[in-house]
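One-based numbering, in listed order, for ligands and for the atoms of each. Values below: every heavy atom of this structure, side chains too, minus hydrogens, waters and symmetry copies. Counting from 1, the numbers follow the sequence of the chain as shown.
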Amino acid sequence: MNDSDERFETLAVTYGERGQRPAPGVEDVAVPIHLSSTYAVPEIDPDASLETLDPDAGEYLYSRLSNPTRNALEHRLAALCGADDALAFASGTAAIVTAISAAVEPGDHVVAFEDLYGGTRSMLTRYFEDRLGVETTFVDARDTAEVEAAMREETSLVWMETPTNPLLRLCDVEAVAAVAEEYGATLGVDNTFVGPQFQRPLELGADVVVHSTTKYLNGHSDSIGGALATNDEAYFEEVQFLQRVGMGNMLAPFDAYLTLRGLKTLPLRMEKHASNAQAVAEFLADHSAVEAVHYPGLASHPQHELASRQMSGYGGVLSVELGTDLDGVARFVAALDHFPLAVSLGGVESLVEHPASMTHSPLSQTERDSLGISDSLLRISVGVEHEADLLADLSNALDAV
Ligand SMILES: Cc1ncc(COP(=O)(O)O)c(C=O)c1O
């Protein structure tokens with residue numbers, strides 16, 4: 001557990017013990033990019049092994065195993081997630097596949113939120129279930145009783161996202177953690193949508209938390225990466241073995257550098273993302289051309305009370321249903337100046353995305369209908385531009401509808 005007294009904003013930039021550790025003997029204030037793939041060692045040591053290698057003492061052997069830039073990032077990620085240990089991966093997907101692999105064996109069973117990121121859903125069905133014999137039951141985890149009803153003796157993993165994509169549905173992490181614990185299952189939470197400043201799943205009882213650092217943590221839409229953090233030492237050792245030896249899916253030094261750089265302004269950016277998103281959500285909710293707005297910061301969100309309890313901010317992503325058909329939605333998107341039509345989220349620039357034809361197009365129409373993803377639904381990642389410019393742009397585009 002992170003026992004530091006320092007606050008989140010300090011941990012995001014600090015040069016101290018919990019934040020980043022430059023290579024010993026070199027007092028860089030900004031951690032440099034260490035590109036070397038291999039490191040000279042002082043002498044042959046018959047007692048040396050991978051397990052005894054201590055990067056914090058400057059002991060590096062080969063960059064797949066540990067790298068000074070990545071090591072500095074991993075310390076900072078652990079500090080920000082309130083964890084003992086963290087690892088940086090080549091993508092959010094790499095972090096998730098490793099987190100799940102470390103928790104399941106053939107014949108095991110997984111319970112997951114039905115409203116998961118599409119890639120994770122496909123990973124669970126097409127890879128873990130079809131190839132490895134690990135079955136998943138998808139449930140509407142807004143209701144913890146549904147999670148509990150799906151649990152089996154062989155359930156070894158419960159996998160949640162909150163809020164979900166693109167409908168911003170929540171699960172009660174503390175309540176789900178109690179169910180997972182009762183069944184001896186690992187609880188993993190993908191915290192990509194809000195990040196560690198506003199929601200800390202490990203403190204709510206999760207065993208492992210993952211982020212696609214591609215989104216808020218790096219924050220500048222110029223790096224693909226992932227993070228995993230945990231306080232469970234045995235589980236961490238398994239994840240580390242899989243990353244180093246089983247999969248080799250670690251983050252490259254340049255991306256580690258970019259993510260370290262991005263993290264320093266995470267608290268500043270998140271405050272602005274959240275205040276802009278609140279303003280955009282309120283503006284859209286009041287507009288006559290809008291049928292519904294999904295944002296946990298709105299008092300009208302059905303789980304607003306839960307959001308206020310388990311999140312200290314509501315994040316920068318919302319979705320909106322326009323009261324028009326696909327042509328009207330296309331006119332709205334084409335009329336926007338400050339919201340490029342693009343997938344992904346969490347960068348400083350605002351983006352708009354059409355789930356039915358973009359992120360959720362691999363799902364069948366029936367699956368989309370059952371999840372509530374209509375053709376008139378748009379997801380908006382609200383950036384850090386000036387609030388007034390964003391509202392004026394949206395207002396202008398709504399006139400085109
Ligand atoms: C919630 C969530 N988890 C995981 C991922 C996958 O992350 P990456 O694209 O970095 O592999 C995404 C990507 O959009 C996501 O939205």
Would you check the N or O atoms of [X], main chain and side chain alike, for any that come under 3.5 Å of an N or O of ligand 1?
X    : answer
I224 : no
S212 : yes
D190 : yes

Do [X] and [Y] have a side chain donor and acceptor closer than 3.5 Å?
X    : Y    : result
D255 : S223 : yes
H338 : D393 : no
N71  : Y60  : yes

Using a heavy-atom cut-off of under 4.0 Å, does the side chain or the backbone of I96 touch ligand 1, or both, or neither?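 I96 to ligand 1: side-chain contact only, backbone stays beyond 4.0 Å.
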
Below a 4.0 angstrom heavy-atom separation, can you tell me which part of T192, side chain or backbone, both or neither, approaches ligand 1?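 Looking at T192 and ligand 1, just side chain atoms fall under 4.0 Å.
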
For the student: nearest non-hydrogen atoms of N191 and H211, plus distance: ND2-NE2, 3.1 Å

Going by an N to O cut-off under 4.0 Å, is there a salt bridge joining R7 and E9? no

Cationic N near anionic O, under 4.0 Å, R142 to E114: no

Using a 4.0 Å cut-off to any heavy atom of K215, which atoms of ligand 1 qualify? 7 (O), 9 (O), 12 (C), 13 (C), 14 (O)

The atoms of ligand 1 lying under 4.0 Å from a heavy atom of G225, numbered in the order shown, are 10 (O)

Nearest protein heavy-atom contact for atom 16 (O) of ligand 1: which residue, which atom, what distance? Y117 CD1, 3.7 Å

To the nearest 0.1 Å, how far is atom 11 (O) of ligand 1 from its closest protein heavy atom, and which atom is that? T93 OG1, 2.7 Å

By the definition side chain to side chain contact (heavy atoms under 4.5 Å, CB included), identify the one residue from D108, T137, V111 that meets it with R152.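 Only match with R152 under side chain to side chain contact (heavy atoms under 4.5 Å, CB included): T137.
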
